[in-house]
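Taking it in order: structure first as structure tokens, then the write-up.
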Amino acid sequence: MNVLAELRSRFRTALESLDATAGEYADMVLPSQDAKFGDYQANCAMPLGKRLGKPPRDIAGQLVEQLDLTDLCETPEIAGPGFINLKLKEDWLVSQLQQTINDHQQLGIIPTAEPKTFVLDYSSPNVAKPMHVGHIRSTVIGDALCRILRQLGHRVISDNHIGDWGTQFGMIIYGYKHFADEAALNEDAVAELSRLYKLVNQLVEHHETRERKIPEIEQQVVELVARLEQMHDATELEVDKERKKAAKQLKQAEGNLAGLRATLDSLRNKVAAVDNDPKLSELAAAHPEIGTAVLAETAALHAGDQTNQSLWDRFLPACLQSIDEVYNRLGVTFDHSLGESFYQSRLAGVVQDLTQRGLARESDGAICVFLDGHKAPFIIQKKDGAFLYATTDLATVQYRLEQWQPDTIVYVVDHRQSLHFEQLFATVRLWGHEDVKLEHVSFGTVLGEDGRPYKTRSGTAVGLSGLLDEAVQRAHKIVSENDDAREKPLLSAEERLQVAERIGLGAIKYADLAHNRTSDYVFSYDKMLAMNGNTAAYMQYSYARVRSIFDRGEIEVEALRAGGTTISLDEPAERALAVALLRFSEALERVVADYRPNHLTTYLFDLASAYSSFFENCPVLKAESDQLRNSRLLLCDLTARTIVRGLNLLGIQVVERM
RNA sequence: GCCCCGAUAGCUCAGCUGGAUAGAGCAACGGACUUCUAAUCCGUAGGUCGCAGGUUCGAAUCCUGCUCGGGGUGCCA
């Protein structure tokens with residue numbers, strides 16, 4: 001049962017009987033901020049009173065008279081300026097829980113009244129380079145959204161838009177042609193390809209930095225220094241305001257200058273690192289045009305060059321397999337993995353169609369879509385004829401519309417690409433696709449404990465598998481130490497390994513999901529593996545503690561569920577737990593409303609807290625009577641099942657003992 | 001320059017379309033283990049919600065300006 005939805009629906013009826021257009025205020029029924037105000041509160045009397053020109057408390061009174069809540073709630077109370085406080089009836093709570101006990105499929109979750117079709121685009125790694133920390137958020141958030149939408153009864157098509165056709169592959173091809181070690185390639189193709197990619201990328205960067213970036217910044221420094229000279233003169237200004245402004249600009253310019261010089265230093269160090277390495281500097285000298293050569297290899301691939309195509313055919317399976325290994329470990333699956341290459345044949349048609357419709361035109365040799373409110377155009381074909389990810393994304397939208405007729409396409413991609421998606425969406429609209437909803441579900445950067453993007457000491461991105469290994473290893477240490485500290489250890493060596501895997505992976509996923517996706521978050525093993533606070537480990541521990549009661553008491557769960565015991569909620573901790581259990585649906589709806597899985601983690605944490613309180617205050621196996629014992633066991637059972645279901649919807653597994 | 005996002009307790013973060021005295025966890029302090037997993041629980045302390053105005057019955061939340069930080073910004077993805 002979605003309690004909130006039910007209450008809103010009852011309020012809607014009452015509101016409309018007061019004023020035909022007042023139904024919208026039903027959304028102002030909310031969970032109470034403070035338990036002392038009851039379980040839910042309605043704040044609609046204030047704005048409605050204002051609109052009708054009547055005292056809000058009178059409106060509240062009329063509303064309460066109109067409301068039909070007798071089955072659900074105690075008599076509503078009017079407080080303050082016109083808040084209506086609602087407290088759920090105990091017998092209603094009991095009846096709802098009672099229904100949930102044998103509802104294995106839905107566990108009380110109400111399927112949506114209006115199922116929609118979603119295409120979910122997430123993860124989207126590049127085949128050439130190993131997955132790194134940056135991919136984790138898209139993968140984990142996307143997977144959770146996929147599971148939750150499905151649980152609510154929506155049709156979801158998950159599609160991994162793999163980057164298998166871009167410049168990175170040109171790098172691999174170039175690397176293969178010039179630097180390949182055939183023996184290594186046969187031994188471990190992915191490792192060798194990754195080495196080639198890194199090498200070529202480094203050389204390209206090297207030339208790019210030396211020949212373009214550094215001179216550019218040097219030029220900027222010169223200009224800025226010149227401007228600073230003039231600004232010093234400006235401090236003689238008479239007028240206070242202007243002098244203040246000039247001082248501020250001076251300060252900013254000085255800051256900019258320092259920043260530029262720091263950038264310059266780091267770039268020069270990078271160049272020097274290659275120059276000082278005899279092997280690398282030799283390679284760099286031998287491949288002065290590597291940047292354009294790589295683009296040429298990419299262009300040749302796109303143009304159907306036989307050699308490059310066959311290299312692509314040869315290398316791709318191994319790349320995909322290594323990606324799949326990560327997904328298998330994470331338990332993430334996709335309905336489709338239609339990479340960029342899949343859309344190759346449609347790209348020319350997309351450009352042609354947009355051009356013919358007069359939506360795109362040539363500018364400086366490139367084909368561009370110019371959009372209102374955007375200074376920069378959306379470039380769909382480069383002057384050298386190559387297509388871009390803008391083109392592929394347009395073709396992808398077209399294909400998805402044809403193939404699946406979705407109501408919504410969701411892109412789980414980091415926030416740095418928001419401009420791209422703004423332009424993409426605007427272009428899709430111009431193209432005539434008005435009906436489909438397009439959502440960029442963006443998320444922030446994963447930071448290190450120093451507050452800067454999470455990188456290795458050498459400055460490269462942290463590899464994803466290493467990250468998972470580290471978390472699992474730390475989890476194993478914690479699990480072992482804890483178990484060893486017991487009088488009689490619970491876990492076999494094998495069990496410890498399995499538990500560590502689930503706790504470690506769960507920690508990473510949960511930490512990611514528990515943060516509001518739009519903000520950056522600081523990656524910390526210690527925090528994510530903590531037993532206190534809003535972590536996977538705490539949730540898993542809560543679950544294991546519930547299960548231990550069933551073990552200890554040798555309880556047959558099926559018999560218990562079929563036993564027909566009436567749940568009683570006399571203790572405040574029991575009642576609080578019951579209310580928490582019934583809010584599961586509500587939490588899932590909130591997740592879906594704005595694609596924020598952290599609403600579910602918050603819910604689960606609140607549920608686990610309510611359970612802890614209950615566990616502390618209400619003896620279960622030693623309850624005063626069999627009736628009470630069974631009632632509490634049922635509450636335990638429902639808690640355990642809700643935690644499992646909730647964690648599973650986040651892609652996290654539980655353990656029976658830890 | 002322009003555009004987007006952010007700033008909440010010492011630290012890491014919540015805060016649902018404006019609601020009652022702004023909440024967690026960590027760290028600090030004080031309690032609770034002959035007890036169903038103490039990897040826990042309970043309590044205390046800690047905040048001019050970046051700054052200044054405005055909108056209104058009511059603002060962390062909406063509007064304007066400012067400060068600071070991050071990101072993006074014509075042929076990478």
Side-chain angles (χ1 to χ4, degrees), chain A residues 4 24 27-28 30-34 36-37 41 43 46-47 49-50 56 79-83 85 124 126 163 166-168 248 295 340 363-368 373-384 386 388-390 392-393 413-420 422 442 444-445 447 449 451 453 478-479 481-483 485-486 490 514-516 518-522 524 526-527 530-535 537-538 540-542 544-553 586 590 593-594 596 598-599 601-602 605-606 609 612-613 615-623 632 636 657-658:
Chain A
L4 185 58
E24 54 179 310
D27 285 348
M28 297 188 80
L30 297 166
S32 285
Q33 302 284 336
D34 192 318
K36 76 177 176 211
F37 299 130
Q41 62 181 32
N43 305 333
M46 284 82 81
K50 189 172 173 66
F83 295 105
N85 291 329
S124 316
N126 275 315
T167 311
Q168 355 82 21
K248 190 184 120 192
L295 290 182
E340 292 171 347
S363 166
D364 290 343
I367 309 293
C368 303
H374 290 280
K375 234 167 122 187
F378 196 49
I379 300 176
I380 56 175
Q381 188 169 22
K382 302 201 289 184
K383 63 181 166 200
D384 67 1
L388 300 101
Y389 76 131
T392 315
D393 277 359
V413 179
D414 78 279
H415 71 278
R416 285 172 302 196
Q417 291 192 40
S418 44
L419 176 59
H420 167 72
E422 265 179 47
S442 70
T445 309
L447 306 176
E449 305 214 35
I478 295 170
V479 168
E481 280 173 3
N482 182 66
D483 201 35
R486 288 186 172 120
L490 277 173
H515 287 87
N516 185 331
T518 53
S519 42
D520 295 346
Y521 89 95
V522 175
S524 157
D526 288 335
K527 290 215 165 83
M531 281 313 305
N532 261 342
N534 193 7
T535 66
Y538 176 80
Q540 287 162 323
Y541 179 68
S542 301
R545 282 213 298 181
V546 187
R547 296 297 307 152
S548 75
I549 292 180
F550 287 83
D551 267 2
R552 177 65 60 107
E586 213 173 289
R590 279 190 68 189
D594 50 4
R596 287 180 201 270
N598 67 311
H599 292 312
T601 60
T602 301
F605 182 58
D606 288 344
S609 304
S612 280
S613 234
F615 183 84
E616 206 68 23
N617 292 304
C618 305
V620 178
L621 295 175
K622 292 171 192 164
R632 288 180 176 168
C636 288
R657 302 190 298 179
M658 61 186 275

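Computed from a prediction, not measured in an experiment: that's the story for all the values here. All chains are named by letter (A, B, ...) in the order of the sequence lines, taking the proteins before the strands, and each is independently numbered beginning at 1. Computation of the quantities below employed the complete heavy-atom set of this structure, encompassing side-chain atoms and omitting hydrogens, waters and symmetry-equivalent molecules.
A530(A) and T535(A) make their closest contact through O-OG1, 2.7 Å (heavy atoms, listed as atom of the first residue, atom of the second, distance). What you find for I379(A) and A366(A) is that their closest heavy atoms are CG2-CB, 4.0 Å. Residues V546(A) and C636(A) come closest through the heavy atom pair CG1-O, 3.2 Å. In terms of heavy-atom proximity, M46(A) sits nearest to P56(A) at CA-CB, 3.9 Å.
Residues passing the side chain to side chain contact (heavy atoms under 4.5 Å, CB included) test with E422(A) are H374(A), L419(A), sequence neighbours excluded. Partners of P47(A) by side chain to side chain contact (heavy atoms under 4.5 Å, CB included), not counting sequence neighbours, listed by chain and number: Y25(A), M28(A). When the side chain to side chain donor-acceptor pair (under 3.5 Å) test is applied to Y541(A), no partner is found at least two apart in sequence or on another chain. D526(A) meets the salt bridge (Lys or Arg N to Asp or Glu O under 4.0 Å) test with R474(A); sequence neighbours excluded. Every residue meeting the side chain to side chain contact (heavy atoms under 4.5 Å, CB included) condition with S519(A), not counting sequence neighbours, appears here in chain and number order: N516(A). Take D551(A) and apply the salt bridge (Lys or Arg N to Asp or Glu O under 4.0 Å) test, not counting sequence neighbours, and it matches no residue. Applying the salt bridge (Lys or Arg N to Asp or Glu O under 4.0 Å) rule to E616(A) yields no partners; only residues at least two apart in sequence or on another chain are considered. Judged as a side chain to side chain contact (heavy atoms under 4.5 Å, CB included), and not counting sequence neighbours, the contacts of S32(A) are F37(A), Q41(A). Among residues two or more places apart in sequence or in another chain, the salt bridge (Lys or Arg N to Asp or Glu O under 4.0 Å) test is passed with R657(A) by E495(A).
S418(A) comes within 4.0 angstrom of no nucleic acid atom, judged by non-hydrogen atoms across all strands. Residue D483(A) is out of contact with every strand shown, counting any heavy-atom pair closer than 4.0 Å. Across all strands, C636(A) comes closer than 4.0 Å to no nucleic acid atom at all (heavy-atom distances). Looking at heavy-atom distances under 4.0 Å, R596(A) makes no contact with the nucleic acid at all. Within 4.0 Å (heavy atoms only), Q33(A) reaches at least one base atom of the nucleic acid. F37(A) comes within contact range of at least one nucleobase, with a heavy-atom separation under 4.0 Å. Contacts of N598(A) with the nucleic acid, taken as non-hydrogen atoms under 4.0 Å apart, involve only primed sugar atoms and P, OP1 or OP2. Note on A79(A): a base of the nucleic acid sits closer than 4.0 angstrom, heavy atoms only. Nucleic acid contact class of R590(A) (heavy atoms, under 4.0 Å, all strands): base. Across all strands, Q417(A) comes closer than 4.0 Å to base atoms (heavy-atom distances). In this structure, V522(A) reaches the sugar-phosphate backbone alone: every heavy-atom distance under 4.0 Å involves primed, P, OP1 or OP2 atoms, never a base.
Going from the P atom of U48(B) to that of A60(B) covers 14 Å, rounded to whole Å. Rounded to whole Å, the C1' atom of A20(B) lies 10 Å from the corresponding atom of G58(B). G1(B) sits 31 Å from U55(B) when the P atoms are compared, rounded to a whole Å. Separating the C1' atom of A27(B) from that of G19(B) is a span of 33 Å, rounded to the nearest Å. Atom P of A22(B) sits at a distance of 13 Å from the matching atom of G46(B), rounded to the whole Å. Between the P atoms of C2(B) and U8(B), the separation comes to 26 Å (whole Å). G47(B) and C66(B) have their P atoms separated by 31 Å, given to the nearest Å. Across A24(B) and U34(B), the matching P atoms stand 29 Å from one another, rounded to whole Å.
When the P atom of G72(B) is taken as reference, atom CG of D520(A) falls 12 Å away, rounded to whole Å. Straight-line distance from the CG atom of L621(A) to the P atom of C36(B): 9 Å, rounded to whole Å. Atom CG of N516(A) is separated from atom P of G15(B) by 5 Å (rounded to the nearest Å). Between the CG atom of L419(A) and the C1' atom of G70(B) there is a distance of 16 Å, rounded to whole Å. Rounded to an integer number of Å, the gap from CG of L30(A) to P of U17(B) is 9 Å. When the P atom of G70(B) is taken as reference, atom CZ of R416(A) falls 14 Å away, rounded to whole Å. Atom P of nucleotide C13(B) and atom NE2 of H599(A) are separated by 18 Å, given to the nearest angstrom. If you take CZ of F378(A) and P of G72(B), they are 17 Å apart, rounded to a whole angstrom.
To the nearest 0.5 Å, atom NE2 of residue H420(A) and atom CG of residue D393(A) are 3.5 Å apart. Note: T167(A) OG1 to L388(A) CG = 8.5 Å, rounded to the nearest 0.5 Å.
Between I478(A) and S609(A), the one whose closest nucleotide on RNA chain B sits nearer the 5' end is I478(A). Toward the 5′ end of RNA chain B lies the nearest nucleotide of K36(A), the other residue of the pair A366(A) and K36(A) mapping further downstream.
The side chain of R632(A) places no N or O atom within less than 4.0 Å of a non-bridging phosphate oxygen (OP1 or OP2) of C36(B). For the OP1/OP2 pair of U37(B) and a distance below 4.0 Å, the side-chain nitrogens and oxygens of R552(A) include at least one atom meeting the criterion. For Y538(A) and C41(B), the shortest distance from a side-chain N or O to OP1 or OP2 is below 4.0 Å.
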Would you tabulate the pairs of protein nitrogen or oxygen atoms and nucleotide nitrogen or oxygen atoms of nucleotides 22-33 of chain B closer than 3.5 angstrom?
| residue | atom | partner | partner atom | Å |
| --- | --- | --- | --- | --- |
| C26(B) | OP1 | N532(A) | ND2 | 2.4 |

Just the table, please: protein N/O against nucleotides 54-63 of chain B N/O, every pair under 3.5 Å.
| residue | atom | partner | partner atom | Å |
| --- | --- | --- | --- | --- |
| C57(B) | OP1 | K50(A) | NZ | 2.3 |

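Counting only heavy atoms from C-beta on, I549(A) has its side chain closest to C36(B) among C13(B), A39(B), C36(B). Taking the side chain of K375(A) as heavy atoms from C-beta on, and the options A39(B), U35(B), G1(B), the nearest nucleotide is G1(B).
If you check distances only, the side chain of S363(A) does reach the base of G74(B) with a donor-acceptor pair under 3.5 Å. Between the base of A20(B) and the side chain of Q41(A) there is a donor-acceptor pair shorter than 3.5 Å. Scanning atom types as modelled, no donor and acceptor separated by under 3.5 angstrom connect the side chain of R657(A) and the base of U37(B).
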With pairs defined as Watson-Crick or G-U wobble and both distances under 3.5 angstrom, please note down RNA chain B as a dot-bracket string, | for pairing with another strand.
(((((((..((((.....[...)))).(((((.......))))).....(((((..]....))))))))))))....
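Stacking between F83(A) and G19(B) is absent: the aromatic ring centre is not both under 5.5 angstrom from the base six-membered ring centre and within 30 degrees in plane angle.
Inter-residue side-chain proximity for R545(A) and S612(A) is flagged as met; some heavy-atom pair is nearer than 4.5 Å.
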